[in-house]
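Being a predicted model, the structure only gives us computed values, none of them experimental. Each chain gets a letter, A, B and so on, in the order the sequences are listed, and its residues count up from 1.
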Amino acid sequence: MKLATWNVNSLAVRLPQLLDWLNAEAATSPVDAVVLQETKLTDDKFPRAEIEAAGYQVHFHGQRTYNGVALLSRGAAPLDVVKNIPGLDDAQARVIAGTVHGIRVIGGYFPNGQAPDSDKFIYKMRWQDALHDWVKAELAQHPRLVLMGDFNVAPDDRDVYDPVGWMNQIHCTPQERAQFQRLLGLGLVDAFRLFEQPVKSWSWWDYRNLAFRKNQGLRIDHILVSEALRSQVQACVIAKAVRKNERPSDHAPVLVQLGPA
DNA sequence: ATGACTCCCAGTGGGAGA
């Protein structure tokens, strides 16, 4: 079972790359479930037919210009689909969840936060509080759970190309990192760090400053797996090659391979 | 460096992203 998350930064622009990437992955083993972020499409404009033609069932929750998430499931339809965090009054489309092949999959596009002294940062903290409480409840019901997406948090200095320059900046504040640790405290583990990884592994590179060419980035896209799944995790990688596309997203996909129970 | 790039909605510029 292979699961993946990717912030596409506009699915209208990135649909060809999405289909190419899924096709390329299938050469080794097909991705069974995918969560997408920043689709930036209202539901009436979502390219359902193209994604279904690639062999996926798809659910989506979008809006104009910003945000927007989707859940792709190869073959079988996801069960018990949830859009946004139940109980949180939120105008922004940031969460989609469903049960895929017996695993509860939650895809999230965490708020950016803009700056630590901004109203958007306050929203980011409030949103993460709500997510934490909801994921706790989901875990009680679904011990086999994966929470993945664009967290907009670099959990550790080794997830930042310039930790001194980024100190206390957005994505690296103690408050954001504490929120990340709170999620782990629910009984989740950062799948990427279960394995020895290359130093300077990032999932996002700024479009500016030749950042990708210089490998100046952040690791802000994550896959957290529950304790019940931990022993099944066989690999977790960042598909850096996808960032080399002619017209790339600023994020690369992150994938996790789960073996049999 | 208040920049840089990309996307969007707009409309010959500006906000947001991270």
query = With a cut-off of 6.0 Å (strictly less than), are more than 12 heavy atoms of other residues, nucleotides or ligands near NZ of A/Lys136?
reply = no
task = Ignoring backbone atoms, establish whether A/Gln114 has a side-chain N or O less than 4.0 Å from OP1 or OP2 of B/dA18.
result = no
task = Please work out if A/Asp150 contacts a base, only the sugar-phosphate, or nothing of the nucleic acid, heavy-atom cut-off 4.0 Å.
result = sugar-phosphate
task = Indicate, with a heavy-atom threshold strictly under 4.0 Å, whether A/Lys120 touches base, sugar-phosphate, or nothing.
result = sugar-phosphate
message = Categorize A/Ile220 for me: base, sugar-phosphate, or nothing, with a 4.0 angstrom heavy-atom threshold over every strand shown.
response = sugar-phosphate
query = Going through the distances and angles, do A/Leu210 and A/Gln216 end up as a side chain to side chain contact (heavy atoms under 4.5 Å, CB included)?
reply = CA-CA 8 Å; A/Leu210 305 172; A/Gln216 296 180 339; over 6 Å; no
ask   = Contact class for A/Phe212 (heavy atom, under 4.0 Å): base, sugar-phosphate, or nothing?
value = nothing
task = Check side-chain hydrogen bond (donor to acceptor under 3.5 Å, both in side chains) between A/Arg104 and all other residues, then give those that pass, not counting sequence neighbours.
result = A/Thr99, A/Glu138
message = Rounding to an integer number of angstrom, what distance separates B/dA16 and B/dA4 when you compare their C1' atoms?
response = 16 Å
inquiry  = If you compare every side-chain N and O of A/Asn7 against the phosphate oxygens of B/dA18 (OP1, OP2), does one of them come in below 4.0 Å?
reply    = yes
ask   = Does the B/dA18 base have a donor-acceptor partner in the side chain of A/Asn112 within less than 3.5 Å?
value = yes
query = When you compare B/dC8 with B/dA18, how far apart are their P atoms, in angstrom units rounded to a whole number?
reply = 14 Å
ask   = Nearest-Å distance, CD1 (A/Ile170) to P (B/dA16)?
value = 14 Å
ask   = After noting the C-alpha distance and the side-chain angles of A/Asn215 and A/Lys240, does the key distance pass the side chain to side chain contact (heavy atoms under 4.5 Å, CB included) rule?
value = CA-CA 10 Å; A/Asn215 197 32; A/Lys240 187 175 177 181; 3.5 Å; yes
Distance in angstrom units between A/Gln92 CD and B/dG17 C1', rounded = 12 Å
key: Salt bridge flag under 4.0 Å for residues A/Arg177 and A/Asp157   = yes
key: Residue pairs fulfilling ring-ring contact (aromatic ring centres under 6.0 Å, His included) with at least one residue in residues 11-54 of chain A, sequence neighbours excluded   = A/Trp6-A/Trp21, A/Phe46-A/Phe60
key: Annotated protein contacts, base or backbone, on nucleotides 3-14 of chain B with a non-hydrogen cut-off under 4.0 Å, one of B, S, - each   = -BBSSSS-----
key: OP1 or OP2 of B/dG17 under 4.0 Å from side-chain N/O of A/His251   = no
note = Between OH of A/Tyr123 and P of B/dA18 the distance, given in whole Å, is 12 Å
request  = Could you tell me whether A/Glu38 contacts a base, only the sugar-phosphate backbone, or nothing, with contacts defined as non-hydrogen atoms closer than 4.0 Å?
outcome  = sugar-phosphate
inquiry  = Would you say the rings of A/Phe151 and A/His171 are close, in the sense that their centroids are separated by under 6.0 Å?
reply    = no
